[in-house]
Amino acid sequence: MPRPIHAIIHQKALAHNLAIVRKTLPASQVFAVVKANAYGHGIERVYPAFQSADGFALLDLDEAKRIRALGWTGAILLLEGIFSPQDLYDCAQYNLSFSIHSPHQLEWLKDFKTTAQFDIFLKMNSGMNRLGFKPEQYQQAWQILKQLTHVHSITHTMHFSDADGTRFGQDGITAQLEVFNQTVKDLPGPRSLSNSAAILRHSDHVQSDLVRAGILLYGSSPDFPAHHIRDWDLQPSMSLRSEIIAIQQVKQSESVGYGSKFVAENDIKIGIVACGYADGYQRISKTGTPVLVNGQRTRLLGRVSMDMLAVDLTDIHHVEIGSEVVLWGQASTGEILPIDEVAAGSETIGYELMCGVTQRVNFQIEQ
Ligand SMILES: *Cc1c(COP(=O)(O)O)cnc(C)c1O
């Protein structure tokens with residue numbers, strides 16, 4: 001028997017979450033962001049559930065080619081654009097749309113000889129200061145692109161730094177939205193602004209003809225703890241499940257695990273779970289991080305080891321060797337442990353946990 005840990009990808013949840021975006025923004029095109037191997041889910045595993053998306057967005061050419069290999073003929077957007085002039089041959093061959101975020105990319109495109117027609121996402125740096133043309137350079141870049149015979153369309157693009165919260169004590173989007181709108185106001189062409197947080201929190205005042213939905217599709221709330229997935233009606237699309245492989249009675253003042261970080265205040269019953277940091281569970285998770293055993297909520301105890309962790313079984317009913325443990329996601333009986341709550345136990349975000357499940361964990365698809 002293999003170790004009992006596995007990650008289950010829930011097709012229904014993925015499709016449900018995409019439908020939430022459609023319902024929120026019926027007039028927008030929706031690109032499903034599947035970078036980082038679909039946020040750790042596996043591109044091939046999420047693809048069936050995202051067939052009704054208007055396009056896919058990602059970073060790696062190899063991932064784009066994998067989507068073409070699945071039979072997808074619609075739009076694919078490279079969010080960081082090309083990394084070298086040679087990438088343009090692949091963009092032409094595989095019909096890929098791409099961002100242009102810098103003068104050097106613009107030069108490469110200008111010098112490229114092709115019969116292909118590219119759909120370009122011209123990126124503005126409206127305040128995040130990662131990628132994009134500053135507002136004062138943006139119009140000139142647009143003029144240059146517009147004159148290129150191998151440019152078919154130009155979508156005005158920006159990315160919010162704080163759509164999930166506030167910025168400098170104000171709401172998180174107004175200032176950057178203003179910069180963007182001012183700069184593009186006289187330019188024709190569609191606009192692409194919103195990520196998950198902007199879709200959920202700001203769709204009433206951000207006009208985004210094309211949205212780039214990422215984390216929400218995977219059932220994590222972009223602004224947890226302000227909002228819980230149930231506030232947005234999202235469902236977890238990945239469940240990390242394992243089993244109890246040993247049970248110990250621990251007496252008062254005995255310790256649990258490496259470093260004796262947890263010391264029992266009373267006599268307690270604990271369970272050892274086949275899951276550790278080598279599976280992608282964060283080692284720095286604190287005692288108290290929530291876990292489900294047999295669908296009942298309990299807590300992590302002591303230090304996470306490479307292959308195991310300990311949980312409190314004191315108040316858990318009917319527990320035995322082989323009882324189901326949910327580290328995040330859905331229990332087979334339907335109880336939900338949002339990945340966001342688990343991420344909070346190690347001061348990170350759902351994104352990092354779902355991207356970090358390791359190679360040795362067996363993935364399964366649930367229809
Ligand atoms: C990752 C990414 C997104 C999706 O962000 P989420 O917060 O996961 O919705 C959108 N746009 C760009 C440019 C990105 O890099």
Side-chain angles (χ1 to χ4, degrees), residues 13-14 17-18 20-22 24-25 28-41 43 46 50 53-61 63-64 67 75-83 96-102 105 119-133 155-165 167 172-173 176-177 180 190-203 206 208-224 226-227 229 232 234 236-238 338-340 343 348-356:
L14 293 163
N17 296 336
L18 177 58
I20 296 288
V21 187
R22 290 278 184 218
T24 310
L25 290 161
S28 293
Q29 286 204 55
V30 180
F31 275 33
V33 181
V34 293
K35 61 190 180 191
N37 200 22
Y39 290 52
H41 288 56
I43 285 182
V46 302
F50 291 163
D54 297 297
F56 289 92
L58 40 67
L59 317 170
D60 292 298
L61 273 171
E63 291 188 340
I67 295 184
I76 298 179
L77 166 61
L78 299 176
L79 290 164
E80 292 181 353
I82 47 177
F83 299 100
L96 308 177
S97 311
F98 52 94
S99 295
I100 292 280
H101 64 70
S102 67
Q105 288 182 330
D119 292 314
I120 303 295
F121 286 66
L122 182 60
K123 187 148 183 174
M124 190 187 307
N125 173 7
S126 55
M128 162 100 92
N129 283 313
R130 286 193 322 194
L131 304 181
F133 291 88
T155 301
H156 303 291
T157 307
M158 69 152 285
H159 192 51
F160 292 111
S161 59
D162 302 274
D164 58 338
R167 182 168 181 268
I173 63 159
Q176 293 177 355
L177 183 61
F180 178 81
R191 277 102 165 107
S192 176
L193 296 86
S194 298
N195 59 358
S196 294
I199 291 166
L200 293 170
R201 292 166 60 96
H202 300 291
S203 42
V206 178
S208 191
D209 305 304
L210 190 157
V211 298
R212 307 178 305 268
I215 195 71
L216 77 82
L217 296 178
Y218 306 100
S220 166
S221 175
D223 64 351
F224 183 85
H227 291 93
I229 49 170
W232 305 125
L234 300 172
S237 60
M238 177 196 283
I339 197 167
D340 307 316
T348 185
I349 50 178
Y351 296 73
E352 189 181 11
L353 294 191
M354 54 178 79
C355 290

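Order of listing sets the numbers, starting from 1, for every ligand and every atom in it. Basis for what follows: all heavy atoms, side chains included, without hydrogens, waters or symmetry-related copies. In this text, all values refer to a predicted model and were calculated from it rather than measured experimentally.
If you check which protein heavy atom lies closest to atom 7 (O) of ligand 1, you get Tyr351 OH, 2.6 Å. Residue, atom and distance of the protein heavy atom nearest to atom 9 (O) of ligand 1 are Ser196 OG, 2.5 Å. Summary of contacts: the protein heavy atom closest to atom 14 (C) of ligand 1 is Lys35 NZ, 3.1 Å. Nearest protein heavy-atom contact of atom 8 (O) of ligand 1 is Tyr39 OH, 2.6 Å. Of the protein's heavy atoms, Arg212 NE, 2.8 Å lies nearest to atom 11 (N) of ligand 1.
Side-chain atoms of Thr348 and Leu353, non-hydrogen and from C-beta on, do get closer than 4.5 Å to each other. Val34 is not listed as a side-chain neighbour of Glu63, based on a closest heavy-atom distance of 4.5 Å or more.
Atom NE2 of His41 sits about 5.5 Å away from atom CG of Leu14, to the nearest 0.5 Å.
Between the choices Leu58, Val21, Leu131, Asn195, the shortest heavy-atom distance to atom 5 (O) of ligand 1 belongs to Asn195.
Residue contacts with ligand 1 for His159 involve side-chain atoms from C-beta outward but no N, CA, C or O (heavy atoms, distance under 4.0 Å). Contacts between Lys123 and ligand 1, counted as non-hydrogen atom pairs separated by less than 4.0 Å, involve the side chain only.
Every N/O-N/O distance between Ala197 and ligand 1 stays at or above 3.5 Å. In terms of N/O distances under 3.5 Å, ligand 1 is approached by Gly214.
Side chain of Asn17 to backbone of Leu217: a donor-acceptor contact under 3.5 angstrom is found. With hydrogens and angles ignored, the 3.5 Å screen pairs a side-chain donor or acceptor of Asn37 with a backbone N or O of Ile43.
Between Tyr39 and Tyr218, the ring planes lie parallel to each other; the angle is under 30°, not in the 30° to 60° tilted range.
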When you look at Arg130 and His101, which way does the side-chain hydrogen bond (donor to acceptor under 3.5 Å, both in side chains) test go after all the steps? CA-CA 10 Å; Arg130 286 193 322 194; His101 64 70; over 6 Å; no

